[in-house]
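Heads up, the thing below is written out as C-alpha cells.
Every value quoted in this text rests on a predicted model; they were computed, and no experiment measured them.
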Amino acid sequence: MNVLLTGVSRGLGAQICEVLLREGHSVYGVSRARSEVVSRFESDFGGRFFFRCADLSSPDDARRAVFCDEFVGNRVPLGGFVSNAAQAYGDLVSNISPARLESMFAVNVFSPMLFTKYAIRNALFNGSQCSIVHISSISAHTGYKGLAMYAASKAAMEAFSQSTAREWGGRGIRSNAVAPGFMQTQMSSALSPEQRDKICARASLKRLTDATSVAETVAFLLSPKASSITGQCICVDCGAV
Amino acid sequence: MGKIALMIRQIRQNKGIDAPFELTPDTSLREDLGFDSFDLAELTVRIEDEFGIDVFETGIVENVFDICEKLNLK
C-alpha cells in the first residue's frame, strides 16, 4: 500500500519508515529537512520511497507541497497516513510563550488535521480504505511537569482521531492513535539522567520505550490485521502508570 | 455538465440507486438526488479533481445551479 508519513527524517518516523519499507509498502515521506537516513532510504528502497521537504509550521503551504500531482495526488491511492511529525515545547505553564505555543500547535495539530482532510479526500476519490494513525504521547494521559502544552496538543489529536473514526467509519476509513512512552530519540534528548531514571522508575518494565516496538504497532494498525480496530489509542509505553 | 452527471451517476450507483435522474439547475442534491453529507464530500473531491475547484469551500451548495455557477459552466 501507499503510506504518507510525516517526520520521516529521524527518530520514530525513520523507524516507522524502515518497518513499512521492509514490509514491502511504498512510503511517501515528508520532513522539514533531508537527512542521512532519507538518502539511505532513497538508495536502498528506490522506487518505493519518495521524499518531499515541507515545513508543517505553515500548514497550508505544507499541504500544497504534499497533496499535489508531483507527490501524493489523486493518482496515488493512499492506504495509510501516519501523522508523526511533532514539535516539542517544554516549559512551565507560567512561562507560556504565545509564539512558541502557536508554532507547536501548527505542527502538532493544525497540519495533522489538514493532512487528514486531504488523506480522506484521496481515499474518497479512490474508494480506498485508508487507515490513519496519529502519533500521540504518554504525556496526554499522565501528567508530566513542563509538558502541559505539548500534552494538550497530543490530547487534541487523540480526540480528533476518535471523532474522525466515528465520522468516516461508514466509508471504511479507520483512525487510531498510538501513545508511546518516552523513547531514546532526539525529542527526548533534553532529559537529564535524573529525569530519565525517574521516567524509567514509573514504567512497569523499568526502561524507556523501544521505538521499534512503537513502529511495529503503527504498521499493525495500518494493516488489514487491524481491520476491526478504529477510534482507539494504543499505549506503547512499557506499562507506564 | 455531462461530466457532472457522470459523477453523480457513479456516486448514486455506489449507493445502490440505479433509478434514472434528471439534472436541471433546480435539481436539489439532497432532496432530488438523495445525497447525504458524505456523498456531497465525494462529489466535491471528484469535481475538484476534474475542474481544480473546491465548490464547497466558499459556501453551501444546494443545487446543480450552485455547482455550475462556481465552475462557471453554462
Side-chain angles (χ1 to χ4, degrees), chain A residues 1-4 28 58-81 110-132 160-175 230-231, chain B residues 1-23 27-73:
Chain A
M1 74 168 85
N2 297 311
V3 180
L4 172 63
Y28 290 77
S58 301
D60 208 37
D61 291 345
R63 185 277 292 182
R64 283 176 207 284
V66 170
F67 292 93
C68 60
D69 290 341
E70 296 74 34
F71 199 57
V72 182
N74 281 339
R75 272 69 199 168
V76 176
L78 276 185
F81 166 46
F110 303 146
S111 278
M113 284 185 180
L114 213 49
F115 275 44
T116 302
K117 167 184 172 177
Y118 286 93
I120 288 174
R121 290 172 80 122
N122 178 296
L124 277 178
F125 182 82
N126 289 295
S128 52
Q129 306 217 320
C130 188
S131 170
I132 300 163
F160 179 76
S161 173
Q162 199 170 33
S163 285
T164 301
R166 181 74 72 182
E167 191 171 292
W168 288 97
R171 292 282 177 136
I173 296 169
R174 297 184 292 112
S175 180
T230 193
Chain B
M1 194 64 173
K3 285 176 179 169
I4 306 280
L6 281 174
M7 293 173 196
I8 289 171
R9 181 175 302 134
Q10 188 182 343
I11 294 169
R12 279 165 58 92
Q13 276 175 353
N14 291 347
K15 284 166 71 81
I17 307 174
D18 287 323
F21 61 93
E22 202 186 348
L23 281 191
T27 302
S28 161
L29 301 170
R30 287 179 184 269
E31 305 300 324
D32 299 324
L33 298 176
F35 277 21
D36 63 17
S37 319
F38 298 95
D39 303 321
L40 292 175
E42 185 178 339
L43 180 62
T44 311
V45 168
R46 296 198 179 284
I47 290 174
E48 188 181 35
D49 187 74
E50 181 69 37
F51 297 94
I53 294 171
D54 182 343
V55 291
F56 285 80
E57 200 171 38
T58 50
I60 297 167
V61 173
E62 301 276 1
N63 52 36
V64 171
F65 174 81
D66 295 337
I67 294 178
C68 293
E69 195 179 45
K70 295 200 180 193
L71 297 179
N72 267 329
L73 294 178

Practice task
Using heavy atoms and a sub-4.5 Å threshold, report which of residues 8-16 of chain B line up against chain A, by residue number.
Solution key: none
Problem - More than 12 heavy atoms from other groups under 6.0 Å of NZ on A:K117 - result: yes
Practice task
Compare all side-chain heavy atoms of A:R75 with those of B:D49 and state whether any distance is below 4.5 angstrom.
Solution key: yes
Exercise for the section: Hey, could you give me the CD/CG distance between B:E50 and A:N74, rounded to the nearest 0.5 Å? Expected result: 11.5 Å
Problem - Those residues that, when tested against B:T44, pass side-chain contact (heavy atoms from CB on, under 4.5 Å) (two or more places apart) - result: A:R121, B:D54, B:F56
Exercise for the section: Could you tell me whether A:Q162 atom CD has more than 12 heavy atoms of other residues or ligands within 6.0 Å of it? Expected result: no
Problem - Considering all heavy atoms, the nearest B:R46-A:F125 contact - result: NH2-O, 3.1 Å
